[in-house]
Amino acid sequence: MLQHKKALREGIRDGLPIGLGYLAVSFSLGVAAKNAGLTPLQGFFASLFNNASAGEYAGFTVIAADAPYFEIFFITLIANARYLLMSCALSQKFSSGTSIFHRILVGYDVTDEIFGITIARPGILDPYYCYGAILIAAPSWAGGTALGIIAGNLMPARAVSALSVALFGMFLAVIIPPAKTDKVVGLFVLISFVASYICCHLPVLRDFSGGTRTIILTVALSAIAAILFPVSEKEEQHAT
């Protein structure tokens with residue numbers, strides 16, 4: 001019991017800076033949710049149950065486009081697919097006696113940042129450490145989204161439009177560093193920009209919704225990159 005309490009306190013300590021960062025980023029995400037027509041309560045629960053910037057932004061985008069439920073589900077699944085791999089890696093840190101209940105609870109909020117601090121801990125991972133980080137990170141993310149929607153409802157349209165640009169800046173911050181260090185990533189980032197523009201004007205694809213085109217391009221370009229430029233096991237170990 002004392003060991004669990006210690007792990008919980010350490011998780012809360014390490015989760016504090018993550019929570020502060022989430023509060024700022026999810027505020028911009030809340031503006032996107034406001035543009036999609038969500039109320040602060042809806043935005044709060046959307047972020048509470050889907051703590052993922054790219055997945056949520058993709059979901060809010062297709063919601064704003066009046067996309068069907070299946071399209072919303074599929075685009076969110078693709079955008080969040082990397083968390084499946086993170087969860088598999090994280091599961092190897094638990095002791096063999098860790099119950100499925102604890103594994104499911106930890107899997108609820110495997111984000112990039114929480115994965116980073118948990119996978120870096122030496123030795124066997126105590127799930128209570130994850131709970132401590134989640135106790136701070138998840139409410140901060142959900143609360144920031146709700147605050148962004150509230151602010152979007154109070155501010156003039158021009159200010160809301162200006163804040164919407166901040167989210168694109170966040171995504172640029174995500175893709176620029178790996179694009180600068182990996183020529184293949186940089187090449188496919190440029191290809192994705194060009195392909196997205198072309199697909200908006202091609203006879204058949206231009207009739208699809210923006211969400212459907214995003215799904216097609218994401219799957220197609222990811223498959224092409226994996227086939228033409230597979231990452232060797234040695235390179236993967238070096239990257240981690």
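These numbers come from the heavy atoms of this one structure, side chains and all, not from hydrogens, waters or symmetry mates.
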side-chain hydrogen bond (donor to acceptor under 3.5 Å, both in side chains) contacts in which one or both residues fall within residues 183-202, not counting sequence neighbours: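 Sorted result for residues 183-202: empty, none.
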Please report the interatomic distance [atom1]([X]) to [atom2]([Y]), rounded to the nearest 0.5 Å.
X	Y	atom1	atom2	answer
Glu10	Ile117	CD	CD1	11.0 Å
Glu71	Asp66	CD	CG	10.5 Å
Asp207	Leu202	CG	CG	10.5 Å
Thr61	Ile75	OG1	CD1	8.5 Å
Leu16	Ile136	CG	CD1	5.0 Å
Ile114	Ile119	CD1	CD1	13.0 Å

Verdict with reasoning, Leu84 to Ser87, per side chain to side chain contact (heavy atoms under 4.5 Å, CB included): CA-CA 5 Å; Leu84 298 175; Ser87 297; 5.9 Å; no
Stepwise side chain to side chain contact (heavy atoms under 4.5 Å, CB included) check, Leu8 with Leu135: CA-CA 9 Å; Leu8 184 69; Leu135 281 174; 4.2 Å; yes
Between Asn51 and Tyr22: side-chain donor-acceptor atoms closer than 3.5 Å: no
Do the side chains of [Y] and [X] get nearer than 4.5 Å, heavy atoms only?
X	Y	value
Trp141	Val25	yes
Ile63	Leu38	yes
Ser140	Leu20	no
Asn50	Asn80	yes
Thr98	Arg103	yes
Asp109	Thr111	yes
Leu125	Tyr129	yes

Would you say [X] and [Y] are hydrophobically clustered, going by side-chain heavy atoms of ILVMFWY under 4.5 Å?
X	Y	answer
Phe44	Tyr108	yes
Val204	Val194	yes
Leu90	Leu105	yes

Shortest non-hydrogen separation from [X] to [Y] and the atoms involved:
X	Y	result
Glu56	Leu29	OE1-CD2, 3.5 Å
Leu23	Gly143	CD1-C, 4.4 Å
Ser47	Ala142	CB-CA, 3.6 Å
Phe60	Ala33	CE1-CB, 3.6 Å
Cys130	Thr118	SG-CG2, 3.6 Å
Gly43	Thr145	O-CG2, 3.6 Å

Full working for side chain to side chain contact (heavy atoms under 4.5 Å, CB included) between Gln3 and Asp126: CA-CA 9 Å; Gln3 181 181 356; Asp126 188 329; 4.1 Å; yes
ILVMFWY clustering at 4.5 Å (side-chain atoms), partners of Ile100: Ile104
Backbone of Gly123 reached by a side-chain donor or acceptor of Lys93 within 3.5 Å: yes
Aromatic centroids of Tyr131 and Tyr128 separated by under 6.0 Å: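 Ring centroids of Tyr128 and Tyr131 are less than 6.0 Å from each other.
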ring-ring contact (aromatic ring centres under 6.0 Å, His included) pairs, two or more places apart, involving residues 72-100: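 Listed by first then second residue: Phe70-Phe74.
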